[in-house]
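Note sheet for the following structure.
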Amino acid sequence: MLAWYDAHRRELPWRARPGEAADPYRVWLSEVMLQQTTVATVTPRFQAWTARWPDFRSLAQASDDDVMTAWAGLGYYARARNLAACAKAVVAEHGGHFPTTEAALRKLPGIGDYTAAAIAAIAFGEPATVVDANVERVVARLFRAATKPAVRAAAEAITPRDRAGDFAQAMMDLGSAICIPRKPRCLLCPLRDVCAAFAAGDQVAFPVKTAKARKPQRYGTIFWAQAGDAVMLVRRPPKGLLGGMRALPTGPWVGEPPGTTDAPIAADWTMRNATVAHGFTHFDLQLALATARVERHALPGDAVWWPVESLGEAGLPTVFAKAAKAIGGA
DNA sequence: CAGTCGTGGGC
DNA sequence: TGCCCAAGACT
């Protein structure tokens, strides 16, 4: 396994070169960015992030607005809130350095079982057992293990005391490149000869997955209020969907197409002859587009007038960026 | 514990 | 094309 890893090792921005010590900050940041997010998406964002905030102290001093704006488009925005909180905790409670044990890491915001084990193993060489979706798939097939506890126990049994970090990364690389969900490339697999599912010919039956409910359809309205060259943006509530993010004003997202009754300000609203569709994890959304030209008056609460030409720097989640593009900045 | 929480890519 | 999936955490 480790011989295969050494031979096929990929260079990634957060991965230490052989023989060099890993930077715990970069390991942590990459692990959080990579939660439910692909390497291709993360790579440029990781480069930009570390150029701006290279360590815990710089990130701990960043404003919440800057952090959330920098995270825009990556999704699962609680990660960004927890990232900022974790950096502050590391500086305030740990002198700017991570604790090195899995249990202590687990107490920090945004660090769960997987990430604690990954940091302990990769950054500190602890023999922690790292189980992500890749490892779960590889181990489930290796042992034809049908339940999560069985997978966990088997993964612990094969985790080596030495090079546990390399072992974890090897298992994840194997899962993403060879032991893939649909058509595993077993003829390329270094573990083929010891794989129970390969022997039985039922690789794709593992891991055992539960049926998912169909996603409901919801409807809403986006309100584009333009005053001169600026558009009205709001700040969404700190928790919940797209929590803490800057946004275009919307009405409620409900089961039936709504009217314009929930506009953020009184104006002569025009319904555009187009809609924007966006899929979230647990529902699909279709948004009607309402636009109005208004006077540039004082705005309540967290609302601001934002220059349309620099809307790309507002840090809008993708659904709002889509809507802005559909309206065309008019 | 099952639901919540984004997004983009692959087939 | 619609569906499945991804280096999960939190409640």
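Chain naming here is simple, since letters A, B, ... match the order of the sequence lines and numbering starts at 1 in each.
- OP1 or OP2 of dC10(C) has not a single side-chain nitrogen or oxygen of Arg79(A) nearer than 4.0 Å.
- Contact annotation for Ile122(A): no contact, since no heavy-atom pair falls under 4.0 Å across all strands.
- With sequence neighbours excluded, the residues satisfying ring pair (Phe, Tyr, Trp, His ring centres under 6.0 Å) with His8(A) are Trp4(A).
- Remark: aromatic rings of Phe56(A) and Phe98(A) are close, center separation under 6.0 Å.
- Taking every side-chain heavy atom of Arg137(A) into account, dA6(C) is the closest of dT7(B), dA6(C), dC5(C).
- Residues Phe280(A) and His278(A) bring their aromatic ring centres within 6.0 Å.
- Atom CZ in Arg45(A) sits about 14 Å away from atom P in dG6(B), given to the nearest Å.
- Within the 4.5 Å cutoff, side-chain heavy atoms of Val139(A) are placed close to those of Met171(A).
- The CD-C1' distance, from Gln35(A) to dA9(C), rounds to 7 Å in whole Å.
- The listed nucleotides are dC5(B), dG8(C), dC5(C); the one nearest the side chain of Thr281(A) is dC5(B).
- Distance, Leu316(A) CG to dT7(B) C1': 15 Å, rounded to whole Å.
- Counting to the nearest Å, the P atom of dG6(B) and the CE atom of Met245(A) are 9 Å from each other.
- Taking atom CG on Asp284(A) and atom C1' on dC3(C), their separation rounds to 11 Å, with Å as the unit.
- Side-chain N/O atoms of Gln35(A) and Arg79(A) include no donor and acceptor closer than 3.5 Å.
- Taking atom CZ on Phe283(A) and atom P on dC5(B), their separation rounds to 7 Å, with Å as the unit.
- Counting heavy atoms from C-beta on, the side chains of Ile111(A) and Cys86(A) come closer than 4.5 Å.
- Nucleic acid contact class of Ala78(A) (heavy atoms, under 4.0 Å, all strands): none.
- Taking only side-chain nitrogens and oxygens, His282(A) comes nearer than 4.0 Å to OP1 or OP2 of dC5(B).
- Residue Met68(A) contributes atom CE, which lies 9 Å from atom P of dG6(B) at whole-angstrom precision.
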Tabulate atom names and distances for all N/O pairs under 3.5 angstrom spanning the protein and nucleotides 8-11 of chain B.
none

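- Taking atom CG of residue Leu285(A) and atom C1' of nucleotide dT7(B), one finds them 14 Å apart after rounding to whole Å.
- Classification of the Trp14(A)-Phe46(A) ring pair by plane angle, with boundaries at 30° and 60°, yields perpendicular.
- Of the inter-residue distances, the one linking Glu102(A) atom CD with Lys107(A) atom NZ reads 12.0 Å to the nearest 0.5 angstrom.
- When each of Trp14(A) and Arg106(A) is assigned the nucleotide of DNA chain C with its nearest heavy atom, Trp14(A) is the one assigned upstream, toward the 5' end.
- For the pair Arg15(A) and Asp173(A), the salt-bridge criterion is met [side-chain N within less than 4.0 Å of a carboxylate O].
- Phosphate proximity of dA9(C) to Thr115(A): present, with a side-chain N or O under 4.0 Å from OP1 or OP2.
- Nearest heavy atom pair, residue Ala164(A) against residue Thr159(A), reads CB-CG2, 4.3 Å.
- Contacts with DNA chain C (heavy atom under 4.0 Å) in residues 148-172 of chain A: Met172(A), listed by number.
- Side-chain N/O atoms of Tyr77(A) include one lying less than 4.0 angstrom from OP1 or OP2 on dT7(B).
- Of the candidate nucleotides dA6(C), dC5(B), dA9(C), dC5(B) has the atom lying nearest to any side-chain atom of Leu241(A).
- Nucleic acid contact for Leu242(A): sugar-phosphate only, since backbone atoms but no base atoms lie under 4.0 Å from a heavy atom of the residue.
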